[in-house]
Amino acid sequence: MEGVDHLAHERNKSEFDVDAMKIVWAGSPHAFDVSDRISKLVASDPGFRKDNRSTLSRKELFKNTLRKAAYAWKTIVDLRLSEEEAAKLRFYVDEPAFTDLHWGMFIPAIKGQGTEEQQQKWLPLAYKMQIIGCYAQTELGHGSNVQGLETTATFDSQTDEFIIHSPTLTSSKWWPGGLGKVATHAIAYARLIVGGREHGVHGFIVQLRSLEDHSPLLGITVGDIGMKFGNGAYNTMDNGVLQFDHVLDVYSIAFASIAVMLWVSQVTCEGKYKQSDVPRQLVYGTMVYVRQTIVADASCALSRAVCIATRYSAVRRQFGSQNGGPETQVIDYKTQQSRLFPLLASAYAFRFIGEWLKWLYADVTQRLQANDFSTLPEAHACTAGLKSLTTTATADGIEECRKLCGGHGYLCSSGLPELFAVYVPACTYEGDNTVLLLQVARFLMKTVSQLGSRLSSKKPVGTIAYMTRVEHLMQCRCGVQRGFAELSADLVEAAVAHCQLIVVSKFIEKLQQEIPGKGVKQQLEVLCNIYALFLLHKHQGDFLSTGCITPKHAALANDELRSLYSQVRPNAIALVDAFNYTDHYLGSILGCYDGNVYPKLYEAAWKDPLNESVVPDGYHLYIRPLLKQEIRTARL
Ligand SMILES: CCCCCCCC/C=C\C/C=C/C(=O)SCCNC(=O)CCNC(=O)[C@H](O)C(C)(C)COP(=O)(O)OP(=O)(O)OC[C@H]1O[C@@H](n2cnc3c(N)ncnc32)[C@H](O)[C@@H]1OP(=O)(O)O
Ligand SMILES: Cc1cc2nc3c(=O)[nH]c(=O)nc-3n(C[C@H](O)[C@H](O)[C@H](O)COP(=O)(O)OP(=O)(O)OC[C@H]3O[C@@H](n4cnc5c(N)ncnc54)[C@H](O)[C@@H]3O)c2cc1C
């Protein structure tokens, strides 16, 4: 029945202040207020409906995305939303679109790497969306290997021009979001050539399309790369292909001292290349920025899937009826708990590691401005490793949540297939997860060689086992006289262990803070212990081989996990309510707040276009002749 809360009995079991936990999840009372207000604004506006995406063709889907993006921008302008509120609105509109790259990469790249004069010229235009930008780094032939990019930017001091060119098919830019049909400008990464000498990969602001009629400029060939994984999903995004045919990059010439897209290097009007004494890797700064945002995004995506699977697990009953009584809620099965509750704990763990990484990034950015590069290696290793760890765990976790919902999890109306299809490229974009773990492994090798065996003593006591595991895994590999390449698969495992150590230790540090609200800290302690003990159980071979735990410890840890699952059980619904997601944002009948699943599933089925007629289109052409033929055969 509509209006009845079918999960009220679950909510009444809660042993903590859910409203206080909502503040913890949001990060602060202010953040909660903005999220709550904007999510409800989006949910209540039919202009942002998204329940029809799976029935649209690619062109209809894309045009609808353009409509929504324009509608979102009009809403932002009409309501005079702040930058924070506008970002939240785009988040709750929940549709991959060119605006992600405009706001999420193009603007940050100019802010992070542009010179003062470039920022003064481009940021006002970008903030008003009078230009639309994309981040064009990856090429058909190279994505992971940035130093292998082939696009060239040749400075001709005779004519005072930069010529951007795609010398080969494989140098075609390929994948950049927003590039295919919308972006008017790109930050294009190219090999800088001055006076016949090459100076590595740098970023250039290049105009792609006319601001009058949107036609591609002379020398620019641009289009979409085609359908991607899933039906709706990321096909709302125009990931593009771009070729330069000796394009004059007029904008680099607009400035007295011709500045490539970086404050770390300059080409003067006399055609002299000036590399300042900063690490060349600062050219990768935008990727580092986005990787840290992706960690926070992982907690959002995983918490959405866990919210759906937890609410449905409380609604779904299967087997176990005693004397005609109700069947057992599947959330009460120990196997369901052992699959679901570690994911619930991971969602909270990733939330807090995302908060810490945001602090780390802000700190390293501040240091860079003072030419202090001391923490840059650790910031790179942390953003790379945690992006890899959290996106892999989240992609796997969303799929596990689909399976936790049985057959109905496979329906589009569950929200889980779309969530999975949109999320999984996060394991690839902003750096293939294995390639990024290799960077962490390289950092660990260097650290071990500099510090000896102890990687760091700066960890809370509760993580001694985790720290010993990393050191052991590194010693087993570093001690062996074989090259990095030969040991890379093993070193990647050590890199994962190192990142798990960071997540556990930051969760423990979070619990050492003042956390208001009845029972809130206690619930977080349970989730922290579940996260730590679940990983210890999953990787117990590593922990046993270090000798820092015995088989008896491993058995005790498993017993403790079961006890912890029992402690979470009465609070599970309240813990996912604390995410404060609207039904609109969740986009899931299985995860609807009131738990009134079956009537909604049944109603939704009849809305499918296939049910517009009781006799399907094609019956008379194909089925009837078949049936008639069978009947004739049957008479023989
Ligand atoms: C509104 C919010 C929305 C936000 C947007 C959401 C996401 C939108 C969805 C999709 C967008 C997707 C965009 C993209 O995918 S952009 C393209 C991403 N591409 C990559 O990530 C490429 C990955 N490859 C690399 O980063 C590099 O090629 C590399 C690091 C793998 C290798 O680089 P290379 O120059 O060859 O360096 P070395 O390995 O030789 O290392 C040299 C040295 O430099 C250090 N180092 C490497 N990278 C960095 C860095 N980023 N920062 C600092 N230091 C770095 C490395 O550690 C070595 O140090 P050393 O050992 O001391 O010498
Ligand atoms: C949805 C989506 C959106 C994207 N958006 C953008 C964008 O806006 N702008 C942009 O510039 N790019 C974008 N990209 C491209 C993305 O950044 C690259 O695909 C990503 O960096 C991976 O690079 P690759 O495709 O070359 O993978 P590859 O490196 O070719 O990976 C293939 C395999 O090789 C392995 N491998 C590669 N190198 C090594 C090594 N040294 N050691 C061991 N194994 C290795 C990888 O682990 C992987 O298993 C996007 C991609 C996707 C899927």
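We count ligands from 1, going down the list as the structure has it; atoms in each ligand are counted the same way.
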Under 3.5 Å side-chain donor-acceptor pair for [X] and [Y]:
X	Y	result
Q113	T286	yes
R351	S299	yes
N239	Y234	no
Q281	H380	no

Any N/O pair [X]/ligand 1 closer than 3.5 Å:
X	value
G104	no
T138	no
Y284	yes
R442	yes
W103	no

**OP:** Run the contact test for Y189 against ligand 1 with a 4.0 Å cut-off on heavy atoms, strictly below, and give the result.
**Re:**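 No heavy atom of Y189 comes that close to ligand 1.
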Original post:
Within less than 4.0 angstrom of ligand 1, does G177 place any heavy atom?
Top reply: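 Judged by the 4.0 Å heavy-atom criterion, G177 does not count as contacting ligand 1.
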Using a strict cut-off of 4.0 Å, indicate which atoms of ligand 1 neighbour a heavy atom of [X].
X	result
G143	22 (C)
V435	31 (C)
L101	11 (C)
Y234	9 (C), 10 (C)
V146	22 (C), 24 (N), 25 (C), 27 (C), 28 (O)
S144	22 (C), 23 (C), 24 (N), 25 (C), 27 (C), 28 (O)
M287	18 (C), 19 (N), 20 (C), 21 (O), 22 (C), 26 (O)
Y135	16 (S)

Out of [options], indicate the one that has the non-hydrogen atom closest to [atom].
atom	options	value
atom 47 (C) of ligand 1	E430, H380, K446	H380
atom 19 (N) of ligand 1	R90, Q137, M105	Q137
atom 38 (N) of ligand 2	N239, L179, V435	V435
atom 31 (O) of ligand 2	P425, A136, S144	S144

Original post:
Numbering the atoms of ligand 2 from 1, which are under 4.0 Å from a heavy atom of T428?
Top reply: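 Those qualifying, in numeric order: 19 (O), 20 (C), 21 (O), 22 (C).
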Original post:
Numbering the atoms of ligand 2 from 1, which are under 4.0 Å from a heavy atom of Q137?
Top reply: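 Every atom of ligand 2 under 4.0 Å from some heavy atom of Q137: 11 (O).
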Check [X] against [Y] and note the closest heavy-atom contact, atom names and distance.
X	Y	value
Y423	A395	CE2-N, 3.8 Å
V206	V247	CG1-CG1, 4.3 Å
I110	Q119	O-CG, 3.5 Å
G397	L302	CA-CD1, 4.0 Å
H214	K181	NE2-O, 3.0 Å
L242	S166	O-OG, 4.3 Å

Would a 4.0 Å cut-off, counted as strictly less than, catch a protein heavy atom around [atom]?
atom	value
atom 13 (C) of ligand 2	yes
atom 44 (N) of ligand 2	no
atom 33 (C) of ligand 2	no

If we ignore hydrogens and angles and just use 3.5 Å, is the side chain of [X] paired with the main-chain N or O of [Y] as donor and acceptor?
X	Y	result
T115	Q118	yes
T394	T391	no
R304	Y585	yes
H102	G133	yes

Protein contact to [atom] [nearest heavy atom, distance to 0.1 Å]:
atom	value
atom 45 (C) of ligand 1	Q281 CG, 3.6 Å
atom 6 (C) of ligand 1	V290 CG1, 4.2 Å
atom 8 (O) of ligand 2	G177 N, 3.0 Å
atom 37 (O) of ligand 1	R280 NH2, 3.8 Å
atom 15 (C) of ligand 2	T138 OG1, 3.3 Å
atom 5 (N) of ligand 2	W175 O, 3.6 Å
atom 39 (O) of ligand 1	Q439 NE2, 3.0 Å
atom 41 (N) of ligand 2	L438 CD1, 4.4 Å
atom 36 (O) of ligand 1	Q147 CG, 4.0 Å
atom 49 (O) of ligand 2	D432 OD1, 4.1 Å
atom 9 (N) of ligand 2	Y135 O, 2.9 Å
atom 21 (O) of ligand 1	R291 NH2, 2.8 Å
atom 25 (O) of ligand 2	G143 CA, 4.7 Å
atom 7 (C) of ligand 2	P176 CA, 3.4 Å

Original post:
Taking the six-membered ring of F484 as reference, does the NZ or CZ atom of R442 fall below 6.0 Å from its centre and within a 45° cone about the axis?
Top reply: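 Negative - R442 is either too far from the ring of F484 or too far off its axis.
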Subject >> Distance under 6.0 Å and angle within 45° of ring axis: K358 vs Y361 >> reply: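 Geometry flag: not set, cation outside 6.0 Å or 45°.
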salt_bridge([X], [Y]) N-O dist < 4.0 Å:
X	Y	result
E95	R53	yes
E418	K50	no
D238	R58	no
R402	E399	yes

Original post:
Applying the ring-ring contact (aromatic ring centres under 6.0 Å, His included) test to Y135, which of W103, W175, Y189, Y429 qualifies?
Top reply: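 With Y135 as partner, W103, W175, Y189, Y429 yield a single ring-ring contact (aromatic ring centres under 6.0 Å, His included), made by Y189.
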Subject >> Nitrogen or oxygen atoms of M105 and ligand 2 under 3.5 Å apart >> reply: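 In fact, backbone or side chain, M105 has no N or O that close.
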**OP:** With K387 as reference, evaluate T293, D297, N433 under the side chain to side chain donor-acceptor pair (under 3.5 Å) test and give the passing residue.
**Re:**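 Among T293, D297, N433, the one meeting side chain to side chain donor-acceptor pair (under 3.5 Å) with K387 is N433.
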